[in-house]
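One-based numbering, in listed order, for ligands and for the atoms of each.
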Amino acid sequence: MQDDGMGKHIGILTSGGDCPGLNAAIRGVGKAGIRAFDMQFLGFLNGFRGLAQDRTMKLESDMLSGILTDGGTILGTSRDKPHKITVGDKTKNMTDAIIDTYERHHLDALVCLGGGGTQKNALRLKEAGLKVVTLPKTIDKDVGKTDITFGFDTALGIATEAIDRVHSTATSHSRVLVVEIMGHRAGWLALESGLAGGADVVLIPEIPYQTEKVADAIRERSKAGKHFSIVAVAEGAMTVDQSNRIEELLEQKAAAMSKEEKSAVSAELSAFHEEHVSHTQKLTSDLEEITGCESRLTILGHIQRGGTPSPYDRVLATRLGTACAQFLNDGGDGYMMAVRGEEIVPVPLEEVAGVKNLVDPNGHTVRSAKLVGTCFGD
Ligand code: F6P
């Protein structure tokens, strides 16, 4: 795919939840593009919304200096979806406005840094005729077709340090410390920080659990003289009953014939997810009641997304960014730059959009944790 069209005009945006490494990635694309391929970059503010509303920030070399170690994104971000963005007082499909912006600035391509939702949005724009290249970003590590996403390693370090720290208070008070960890509907962050931090229990969405079995593990530890326990819980973890309920609702939604039926089931699903937000508080009080052991909950929340990227994420984001600039210069578009072992390879957006990278319950990391005695509540 040779195309030595040096001097291309490239748009760039960051979309979805922010994470450490975004600025390192912007810097990688921009510095490589400007220095090696004579490209010019136009940043769009606050994700796809800025693209639809034509809110820009010219990205020149001086803007890219000194941001490698900065958390967050200099462009701002949002969770807006192109086909649902409001401009003025009307809500309509804004893909046309995005195409207008793209053409008004005579862009040769658009680079989108984001997670699963961004890959789907980028495919929509590709199908609308725009040239798009994406980079996989998220602390959740749940984007399909790539080994890892930048942001994950930094969040893993933050969550692991938190688990390390709650050990001393749990032992001092002979308590059960429940630590809620982000990850949306994937369990990677809880699994790996739980293993790294020596949690006694790890609960993840991919392995529905039974509270009684968690309580048994805590009681067994007490009998062995370990009067404290650390429980690492993914925010998306569910009991077996909750998981069965979700499956039931999803089947009902798939089978629903009429629009009314579909929206009724969707409402039930939304209500379930809204109620599920506080599931770790209920788990903590249930464990205290069943085991008789004082229990406390720590919700790590957005601390896991804050601050400077880890060295690993700085290197990964830079490599993905420079690979993107090289791919653009070679005339590539319609692909995500993915991590495969030691390589960065382009994967068609059609193969990425909608594909989730979830924990394999029979995978080596889970098997390894079980071999050292970690309880998964199953
Ligand atoms: O996708 C990253 C993530 O941090 C998830 O782990 C979490 O569920 C979600 O974003 C939180 O979204 P928001 O920042 O919009 O509250």
### Message
Under a 3.5 Å distance rule, please check whether Thr14 uses its side chain to pair with a backbone N or O of Leu113 as donor and acceptor.
### Response
no
### Query
What salt bridge (Lys or Arg N to Asp or Glu O under 4.0 Å) pairs are there with at least one residue in residues 347-366, not counting sequence neighbours?
Lys126-Glu350, Asp142-Lys356
### Query
Under 3.5 Å, is there a donor-acceptor pair between the side chain of Gln304 and the main chain of Gly301?
yes
### Query
ligand 1: which residues have a non-hydrogen atom closer than 4.0 Å?
Arg79, Thr138, Ile139, Asp140, Met182, Gly183, His184, Glu235, His302, Arg305
### Task
Could you note down all residue pairs passing salt bridge (Lys or Arg N to Asp or Glu O under 4.0 Å) where residues 254-273 supplies at least one of them, sequence neighbours left out?
Arg245-Glu268
### His279 and His276 aromatic centres sub-6.0 Å
yes
Taking distance alone, no hydrogens or angles, what donor-acceptor pairs closer than 3.5 Å link side-chain atoms of residues 195-205 to residues at least two apart or in another chain?
{"residue": "Asp200", "atom": "OD1", "partner": "Arg221", "partner atom": "NH1", "Å": "3.0"}
{"residue": "Asp200", "atom": "OD2", "partner": "Ile230", "partner atom": "N", "Å": "2.8"}

